2 protein chains.
Amino acid sequence: MADVAQEAHVSVKTVSRVVNREPGVRRDTELRVRGVIDRIGFMRHDGARILRQGRTQTIALVVEDLANPFYSQIGAAVEREARIRQHQLITASAEGSPTRERVVLEGLINRRVDGLVVVPAGERPVSDPTVSASGTPIVYVDRPVRGEPCDTVISDNPGGMRSAVEHLVAHGHRRIAFVGDNAEFWTARQRREAFVSIHEALGLPGDARIAMGPHTTESLTERLGDWSRERSPVTAVITGNNRVTLAALHAMRALGIRMGLVGYDDFELADLVEPSVTVVHQDPASIGQKAVLQLFARLLGDESPAQTVVMPTRLIVRESGRLPDPTPARKAHP
Amino acid sequence: MADVAQEAHVSVKTVSRVVNREPGVRRDTELRVRGVIDRIGFMRHDGARILRQGRTQTIALVVEDLANPFYSQIGAAVEREARIRQHQLITASAEGSPTRERVVLEGLINRRVDGLVVVPAGERPVSDPTVSASGTPIVYVDRPVRGEPCDTVISDNPGGMRSAVEHLVAHGHRRIAFVGDNAEFWTARQRREAFVSIHEALGLPGDARIAMGPHTTESLTERLGDWSRERSPVTAVITGNNRVTLAALHAMRALGIRMGLVGYDDFELADLVEPSVTVVHQDPASIGQKAVLQLFARLLGDESPAQTVVMPTRLIVRESGRLPDPTPARKAHP
DNA sequence: CGTTTCCCTGACAACGCTGTCACTCCCCGA
DNA sequence: TCGGGGAGTGACAGCGTTGTCAGGGAAACG
């Protein structure tokens, strides 16, 4: 900027004015300065600007695994919303480790990101005192944290689970099992609890089969096989997220059996696998968008009490809930 | 930092030394400073550090659409590699628009990111003079740019295409069509050209059916329907990327026909759809990793000539190449 | 013709940190 | 006793911007 100033025979301040399109620069001065800028290829150093102004125009997204479609869709939405608002997005993975999450968060705070969208790794509050002391607004997504109320955007897990169970019951299933992901995850636990309570509410057989993860295709194959060979066999399964659904599909394929199935999370091709899979759809793009909206409200000074937004889910009915058809499960146990 | 210094009765410089674990601070001084830091919750302002030191410890990834699994897997790999090297990752979408890409790139240059990994939107070089003048190292991924040679990581498209065509031919197909994505994309064109030349080399019928995108399920349904009703019907299709494969699968489902199929890009569940889909697999994680490796080599001063790395592809054989079985395609045209 | 007003412009400090260099001790050996 | 050397510390400048304020010239006014 100093170079430009010298070359254009003006002060740095005037160059700054031109660069920022501030008013109060004579037309010909502005043109002269612009000419020099183009000629020598000057580009403003945003780092210095930031240092001076205090706002980094940057928000960060911390997720577990950016390669998981659920999170990458959230990421795409967050990036788009940030871009619309002239902010850049830093993405970071905590890989499910609270320790790593703390390190990551501290790094981001040090960078003075203006705000954070976080899928919390652990369930304990991320109340690293330094993080909360920094005053950086945080919106949690997909899972809440304990402790102080915080801005949070989650899915309606009980509602989704209710629609899943009711759908299966409507198709005649009574022995319905739940296969959840790792019970360490809040979502996994919440869905399990929802499953249990709805199961009871509907008066289904009391000894519901439940298996929490982590699961592999192999472990699930064994488990589903056992369940289907019981005296009163399980005829339908609800899976707790996209990872589990995938493993369950592979397991059923390996077993060569067809059980009723409702999966949590929609996935590409859910309509193309055989049978097509009925799912509880949560819209990651909307979740991400909502989170950013809330975050920017805070950035613009919204001081209202922390808010938890519950996003509705939608049951997408395909074929897998109707199985087995007509009653082939009986065949497994003559 | 000044506050800490005053509180601990030392100079700012000493605080700086403690924060950075520089040697030459007496043990008790260090402890005293650390105590104050913890007490008042001081966190270093990385912006200022960056301004002083010149390196931002940040790299950026510019893709078309972060929600596309191919890119999000690249993104996850790039983020991991960056994190390993103590760098943060800024992700940005250009949404396929060269104009937006320029804006995005300039923004990132202004931020003084240390390096860029870019999936170029247009094919013309991104030789925005300001961008190249900035001297920021760039590694292009998935598609090359014209003009000056640049560091690039791409897939072995001709090799992948060859394996696809040969696979289909080995299963008796002679009338093989290619359905590529938008011809604006270099990858789409390169795969088309590879298809044509291999098609010729193998002495297949000269009038190969080729359709470039963009495609929708509807448009492809019509197209595939036409092809399968020709006098000498197309019996197998090669699709140019994951988007197209998806549309083709839906189209075949809509038509109720089964054609031979080899898709470009592997996808989750490719083994579970009916029929399971044979694909040319490119490993996005490796591509992303390789790109970051190259980028950091440049950051560490590697001055060797620009390098184009061609990543091998792998044909994952499933069922869809064997179709139709035995010749059901004929049924469509009695 | 002097005074006020407005429009441009520039000097300077400050944002928060780190590199450089100089200074003060204290210990050692001569 | 004195000089040399190393360890610990601090003063200060400067990274590239922008906010503040003051200055200077031209136009407008009395």
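Because the structure is a prediction, the values reported are computed rather than measured. Here is the naming used below: chain letters follow the sequence lines, and residue numbers restart at 1 for every chain.
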Exercise for the section: Select from A/Asp28 and B/Ala2 the residue whose nearest nucleotide in DNA chain C is closer to the 5' end of that strand. Expected result: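 Its nearest nucleotide lies further toward 5', so the answer is A/Asp28.
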Could you state the atom-to-atom distance from [atom1] of [X] to [atom2] of [N] in whole Å?
| X | N | atom1 | atom2 | answer |
| --- | --- | --- | --- | --- |
| B/Asn20 | C/dC17 | CG | C1' | 9 Å |
| B/Arg49 | C/dG19 | CZ | C1' | 13 Å |
| A/Glu30 | C/dC7 | CD | P | 17 Å |
| B/Gln57 | C/dT18 | CD | P | 12 Å |
| A/Ile37 | D/dT17 | CD1 | C1' | 13 Å |
| A/His45 | D/dT18 | NE2 | P | 12 Å |
| A/Arg112 | C/dG16 | CZ | P | 9 Å |
| A/Leu51 | D/dG14 | CG | C1' | 12 Å |

Does a side-chain N or O from [X] land closer than 4.0 Å to OP1 or OP2 of [N], or not?
| X | N | value |
| --- | --- | --- |
| B/Arg26 | D/dG8 | no |
| A/Arg52 | C/dG16 | no |
| A/Ser11 | C/dT9 | no |
| A/Ser16 | D/dT17 | no |
| A/Thr29 | C/dT9 | yes |
| A/Gln53 | C/dC15 | no |

Problem - Note, B/Glu81 side chain near B/Phe296 side chain (heavy atom, < 4.5 Å) - result: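 Not touching, per the 4.5 Å side-chain cut-off.
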Problem - Contact check, side chains of B/Thr14 and B/Arg17, non-hydrogen atoms, under 4.5 Å - result: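 In short, these two side chains touch, coming nearer than 4.5 Å.
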What are the two closest heavy atoms between [X] and [Y], and how far apart are they?
| X | Y | answer |
| --- | --- | --- |
| B/Arg111 | B/Thr56 | O-CG2, 3.6 Å |
| B/Arg55 | B/Leu299 | NH2-O, 3.1 Å |
| A/Leu295 | A/Ile138 | CD1-N, 4.4 Å |

Select base, sugar-phosphate, or nothing to describe what [X] touches, counting heavy atoms under 4.0 Å on all strands.
| X | answer |
| --- | --- |
| A/Val25 | sugar-phosphate |
| B/Thr14 | sugar-phosphate |
| B/Arg17 | base |
| B/Val10 | sugar-phosphate |
| A/Asp46 | nothing |

Practice task
Consider the side chain of B/Lys13, meaning its heavy atoms from C-beta on, and name the nucleotide among D/dT18, C/dT20, C/dC17 that approaches it most closely.
Solution key: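 Within the option list, the nearest is C/dT20.
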Problem - Interatomic distance, B/Asp142 atom CG to B/Phe70 atom CZ [nearest 0.5 angstrom] - result: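 Atom-to-atom, B/Asp142:CG and B/Phe70:CZ are 4.5 Å apart.
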Handout entry: Nearest-nucleotide 5' precedence on DNA chain D, A/Val19 against B/Gly24
Key =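 It is B/Gly24, whose closest nucleotide lies nearer the 5' terminus.
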